[in-house]
Number of protein chains: 2
Amino acid sequence: MRYSNATNYALHTMVHLMLQPGGSSVGVQELAEMQHLSPTYLSKVLTKLTKAGLIESTPGAKGGYKISRTKHETSFLDVIHAIEGETSLFDCSIHHQGCLIENVMRQAEENMKGELASKLLSDIAKEAESKQK
Amino acid sequence: MRYSNATNYALHTMVHLMLQPGGSSVGVQELAEMQHLSPTYLSKVLTKLTKAGLIESTPGAKGGYKISRTKHETSFLDVIHAIEGETSLFDCSIHHQGCLIENVMRQAEENMKGELASKLLSDIAKEAESKQK
DNA sequence: GATATTAAAGACTCTTAATATCTGTAATGT
DNA sequence: ACATTACAGATATTAAGAGTCTTTAATATC
Ligand code: SF4
Ligand code: SF4
C-alpha cells in the first residue's frame, strides 16, 4: 500500500508551476524532462489535475499548463484526491451498521487528511524559493 | 491505494480471538468459515501475525491460534504493520536532502499512525462484548 | 489559409502486487 | 499408528499501476 508515482509527479509539477513568474504556462515537454519522464505519460497525469480544476491547460502553439487562477490555495490533499481518487483507504464492502473497526480506520485516515489539507503547495513553493537565494 | 483485504481479515481474526474465553485456541477452519474465506489463504495471513508475535500457533490435533500471552496490548497499527509491512506510504526513491514534499507526506502519515497506535484491539473486543449483552 | 505546436483521448502493452488454490510436510494430541 | 492441524512452496488468477504509441482537436504564428 503506497501512494502512486503519479501522485509524486503531480506534486512536483504543481510546485514547479507555482514557481513560474507571472503564472505563465509551461509545456509538458519541459515538465517531463525535469522529472525524467515520458511526456505522454505525464500528460495523462496532468489531465487529471486539469479536470480537477487545479491547473489550466491551453492547447496549440505556445500552450501548456499553468496554475488555475481560481486555485491558488491548493493543498496537498487536493492533489492527492485528483490523482488517487476519493475512495477510503479502508473500504470493507459489507458495512455492518455501527462497525467498530471501520470507525477506527476512518478516524485515522481523517487525521492524515487533516494534515494534508492544512499544507498548501504555495507554502512549499515559497520555502523552495527562499532556499535558492 | 487501499489497505489490502488481508489486513481486514487479520483485524477480524484478532478481535475474534480476543473474545475467546480463557484465551483458548481456535482452528483456522472455524476462523475461515466465520469470514467466508478459504482456510489455506487465511492461514497465510495468520502466519504473518504469528511471525510478528501477535498470536501463537500450535500445530497438531486440537491446535489452532490464540492471542499471544505477551501481547494483550496489541494496537491496530501492530496488526497493520504485520500484514502490510513497515514501508512508508510515500517513498520517493531519490531522497533529496531536506525534501519539503516528503516532510509533509511523512508528517501526515505519522498523524494516521498515531491514531492507529492509540487504538487497542482489546478496546474493540470489550465494546463488541458489551453490545452483545 | 497553411503550418507548426501542443494538449487530450483511446488503444494497447508491460510489470507488479494482491488474491487465491493446491500439494506436500512437520508437529501434536489421542 | 492415526487423525488433526499449522506451515511452506509452487503455481495460477486477477487487478491495478506504469508506460508507449497513435490519432484528433485546438491554438498561435506566418
Ligand atoms: S464488522 Fe466492519 S469491517 Fe468487519 S465486516 Fe462488518 S462492516 Fe466490515
Ligand atoms: S524533492 Fe523530495 S519527493 Fe521530490 S524527488 Fe527529491 S526527494 Fe523525491
Side-chain angles (χ1 to χ4, degrees), chain A residues 1-13 17 24-33 35-68 80 82-85 87-93, chain B residues 1-10 12-13 17 24-33 35-68 80 82-93:
Chain A
M1 139 114 154
R2 205 175 72 78
Y3 278 112
S4 67
N5 295 344
T7 292
N8 189 330
Y9 305 149
L11 287 170
H12 281 81
T13 303
L17 290 182
S24 59
S25 283
V26 182
V28 73
Q29 190 80 25
E30 178 182 335
L31 295 167
E33 275 174 21
Q35 303 177 64
H36 311 104
L37 298 175
S38 91
T40 41
Y41 180 54
L42 183 59
S43 166
K44 286 207 181 308
V45 175
L46 299 190
T47 299
K48 284 190 182 178
L49 295 180
T50 304
K51 288 191 172 163
L54 304 183
I55 58 180
E56 291 176 3
S57 69
T58 53
K62 292 299 282 177
Y65 298 91
K66 64 182 171 216
I67 295 294
S68 174
I80 291 172
I83 303 297
E84 307 267 347
T87 60
S88 180
L89 291 191
F90 182 86
D91 67 340
C92 169
S93 49
Chain B
M1 138 120 150
R2 205 175 72 78
Y3 278 114
S4 68
N5 295 342
T7 293
N8 188 329
Y9 305 150
H12 281 81
T13 303
L17 290 181
S24 59
S25 282
V26 182
V28 73
Q29 190 80 25
E30 179 182 335
L31 294 168
E33 276 174 19
Q35 301 176 66
H36 310 105
L37 298 175
S38 90
T40 41
Y41 180 54
L42 182 59
S43 167
K44 285 209 181 308
V45 175
L46 299 190
T47 299
K48 283 191 183 178
L49 295 180
T50 304
K51 287 190 172 164
L54 305 184
I55 58 179
E56 291 177 2
S57 67
T58 53
K62 291 299 283 178
Y65 298 92
K66 65 183 172 216
I67 294 295
S68 173
I80 290 171
I83 303 296
E84 307 267 347
E86 306 217 9
T87 61
S88 180
L89 292 191
F90 183 86
D91 66 341
C92 170
S93 50

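By convention in this document, chain letters (A, B, ...) are assigned in the order of the sequence lines, proteins followed by strands, and residues within each chain are numbered from 1.
Taking atom CD on A/E30 and atom C1' on C/dT6, their separation rounds to 14 Å, with Å as the unit. One interatomic measurement links the two molecules: NZ of A/K62 to P of C/dA7, which rounds to 12 Å at whole-angstrom precision. Protein atom CZ of A/R2 is 10 Å distant from nucleotide atom C1' of D/dG17, rounded to whole Å. Atom pair A/Y9:OH and D/dA18:C1' shows a separation of 8 Å (rounding to whole Å applied). Here the C1' atom of nucleotide D/dA16 and the CG atom of A/D91 are 14 Å apart, to the nearest Å. For the pair B/K66 NZ and D/dT5 P, the computed distance is 15 Å after rounding to whole Å. When the P atom of C/dA7 is taken as reference, atom CD of A/Q29 falls 9 Å away, rounded to whole Å. In this structure, NE2 of A/H36 is placed 18 Å from C1' of D/dA18, rounded to the nearest angstrom.
Remark: the backbone N or O of A/Y41 is paired with a side-chain donor or acceptor of A/S38 at under 3.5 angstrom. At distances below 3.5 Å, at least one donor-acceptor pair connects side-chain atoms of B/T47 with backbone N or O atoms of B/S43.
Rounding to the nearest 0.5 Å places CZ of B/F90 at 6.0 Å from CG of A/L11. Note that the CE atom of B/M1 and the CE atom of A/M1 stand 5.0 Å from one another [nearest 0.5 Å]. Between atom CD of residue A/E84 and atom NZ of residue A/K48 there is a gap of 8.0 Å, rounded to the nearest 0.5 Å. Here OG1 of B/T13 is found 5.5 Å from CG of B/L31. Values are rounded to the nearest 0.5 Å. Atom-to-atom distance recorded for B/I83:CD1 and B/N5:CG is 11.5 Å, nearest 0.5 angstrom. Between the CD atom in B/Q29 and the CG atom in B/L42 there is a gap of 10.5 Å [rounded to 0.5 Å].
Between A/L37 and A/G60, the residue whose closest nucleotide on DNA chain D is further toward the 5' end is A/L37.
For A/S38, whose side chain is taken as the heavy atoms from C-beta onward, the closest listed nucleotide among C/dG29, D/dT20, C/dC22 is D/dT20. Of the candidates C/dA4, C/dT19, C/dA7, C/dA4 carries the atom nearest the A/A61 side chain, counting heavy atoms from C-beta on.
Within 4.0 Å of B/Y3, counting heavy atoms only, lies no atom of the nucleic acid at all.
Residues from residues 41-58 of chain B with heavy atoms under 4.0 angstrom of DNA chain C, sorted by number: B/Y41, B/K44.
In DNA chain D, runs of at least 3 stacked Watson-Crick or G-U pairs (N1-N3 plus N6-O4 or O6-N4, or N1-O2 plus O6-N3, all under 3.5 Å) give these stems: C:1-30 with D:1-30.
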Per-pair distances, 0.1 Å, donor-acceptor, side chain in residues 57-67 of chain A, under 3.5 Å, sequence neighbours excluded:
| unit_1 | atom_1 | unit_2 | atom_2 | d |
| --- | --- | --- | --- | --- |
| A/T58 | OG1 | A/G64 | N | 3.4 |

